Amino acid sequence: MCIRDRKYSVAFDPLDGSSLVDVNLAVGTIVSIFEGCDLLQSGRNQVAAVYILYGPRTTLVYSVGKGVHEFGMNMLREYTLLQENITLKPQGNLYSPGGQRNLYTPGVEAFVTKLEERGVKLRYSGGFVPDINQILLKGEGIFFYPHLQNLPQGKLRLLFELNPMAYLIEQAGGAASDGRRPILDLQPQQIHERSPVFIGCKKDVALAEEFISQLEDDRAEKKVKT
């Protein structure tokens, strides 16, 4: 959607986690806003990002580049400020893994094994919005839906799922990567483009990148040379 007179473009996922509706689990809405009438831009060009969580409470989390703030809907259906300047710890104690583990690549499998050895707790709802909300409000953790052996581009959409969440997470002091480079640096070529994602605490995201580099990229480079 492009608001031409104001020169803003909006990409949104109206119902993230729609498969969870029939079992009454939390779902959400994700919104990404750009200046101009071109959505095929790097996520770095976003001017705002928002998600709304429809759970036991209805809450809204947003940023316009000046921190991340949470609002809650009251009985009058008005949003009131709950907390300002949400921040993430450098490293977390929970992880939310998407995809089938038997289809993980060597780097991702080694990363998960390392998290388990560290005693990190698995907390996964099956919904992107509630899992990111849990990480932000607890101030720690990592969500990932990686490249799989049969799905190298992952599952989640770059424009209206990953870009807005990466914007919010970075504003909270975290990081978001496709396993090799920051999500916000990716240049989309089409509206429904997909990407793997590792998003949350900086040290945890960096650890995922390290395992992928060592066990996948470096090995692939050596095979090419031989």
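All heavy atoms count here, side chains included; hydrogens, waters and symmetry mates do not. In this chain, residues are counted from 1 in sequence order. Just so we're clear, the structure is a prediction, and the values are computed from it rather than from any experiment.
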Non-hydrogen atoms of [X] and [Y] that approach each other most closely:
X	Y	value
Gly98	Pro146	O-CD, 3.4 Å
Cys201	Leu88	N-CD1, 4.4 Å
Gln187	Glu193	O-OE2, 4.2 Å
Pro14	Phe12	CD-O, 3.6 Å
Asn93	Gly119	OD1-O, 3.6 Å
Asn133	Val61	OD1-CG2, 4.0 Å

Could you see if [X] belongs to whatever hydrophobic cluster contains [Y]? Use Ile, Leu, Val, Met, Phe, Trp, Tyr and a side-chain cutoff under 4.5 Å.
X	Y	value
Leu207	Val120	yes
Leu53	Leu156	yes
Leu76	Met73	no
Leu103	Tyr95	yes
Leu82	Ile132	no

Just list the side-chain donor-acceptor pairs under 3.5 Å for residues 62-72, sequence neighbours left out, or say none.
from  : atom 1 : to    : atom 2 : distance (Å)
Ser63 : OG     : Gly65 : N      : 3.0
Ser63 : OG     : Gly67 : O      : 2.7
His69 : ND1    : Asn85 : N      : 3.1
His69 : NE2    : Lys66 : O      : 3.1
Glu70 : OE1    : Gln83 : NE2    : 2.9

Show, in sequence, the C-alpha distance, side-chain angles and deciding distance for Ile52 and Tyr79, and conclude whether the side-chain contact (heavy atoms from CB on, under 4.5 Å) test is met. CA-CA 11 Å; Ile52 302 172; Tyr79 282 99; 3.9 Å; yes
Where the side chain of [X] meets the backbone of [Y], is there a donor-acceptor pair that is under 3.5 Å apart?
X	Y	result
Arg123	Ser96	no
Asp16	Glu161	no
Asp13	Phe160	no
Glu209	Phe198	no

From [X] [atom1] over to [Y] [atom2], what is the distance, rounded to the nearest 0.5 angstrom?
X	Y	atom1	atom2	value
Leu40	Leu159	CG	CG	6.0 Å
Thr80	Asn74	OG1	CG	5.0 Å
Arg44	Glu170	CZ	CD	4.5 Å
Tyr145	Arg194	OH	CZ	9.5 Å
Asn45	Ile33	CG	CD1	14.0 Å
Ile86	Leu168	CD1	CG	9.0 Å

Min side-chain heavy-atom separation [X]-[Y] under 4.5 Å:
X	Y	value
Thr59	Leu137	no
Arg118	Asp204	yes
Val129	Val27	no
Gln149	Asn102	no
Pro97	Leu122	yes
Gln100	Leu148	no
Asn163	Tyr167	no

Hey, could you give me each pair passing ring-ring contact (aromatic ring centres under 6.0 Å, His included) that has a residue in residues 100-125? Not counting sequence neighbours. Phe111-Phe144
Flag if over 12 foreign heavy atoms under 6.0 Å of [atom1], [X]:
X	atom1	result
Asn24	CG	no
Arg57	CZ	no
Arg77	CZ	no

Between Leu162 and Leu186, does a side-chain contact (heavy atoms from CB on, under 4.5 Å) hold up when you go through it step by step? CA-CA 10 Å; Leu162 302 186; Leu186 302 180; over 6 Å; no
Pair Ser195-Ile183, side-chain contact (heavy atoms from CB on, under 4.5 Å): steps then yes or no: CA-CA 8 Å; Ser195 172; Ile183 289 292; 3.9 Å; yes
Does one side chain, of Tyr54 or Thr29, offer a donor that lies under 3.5 Å from an acceptor on the other? yes
Taking it one step at a time, do Tyr51 and Val31 satisfy side-chain contact (heavy atoms from CB on, under 4.5 Å)? CA-CA 6 Å; Tyr51 70 76; Val31 181; over 6 Å; no
Candidate pair Glu109 and Arg101, rule salt bridge (charged side-chain N to carboxylate O under 4.0 Å, His left out), full reasoning: CA-CA 8 Å; Glu109 175 61 30; Arg101 185 161 179 177; 2.9 Å; yes
Pair Glu140, Lys121 - check salt bridge (charged side-chain N to carboxylate O under 4.0 Å, His left out), show working. CA-CA 11 Å; Glu140 62 174 322; Lys121 300 172 184 176; over 6 Å; no
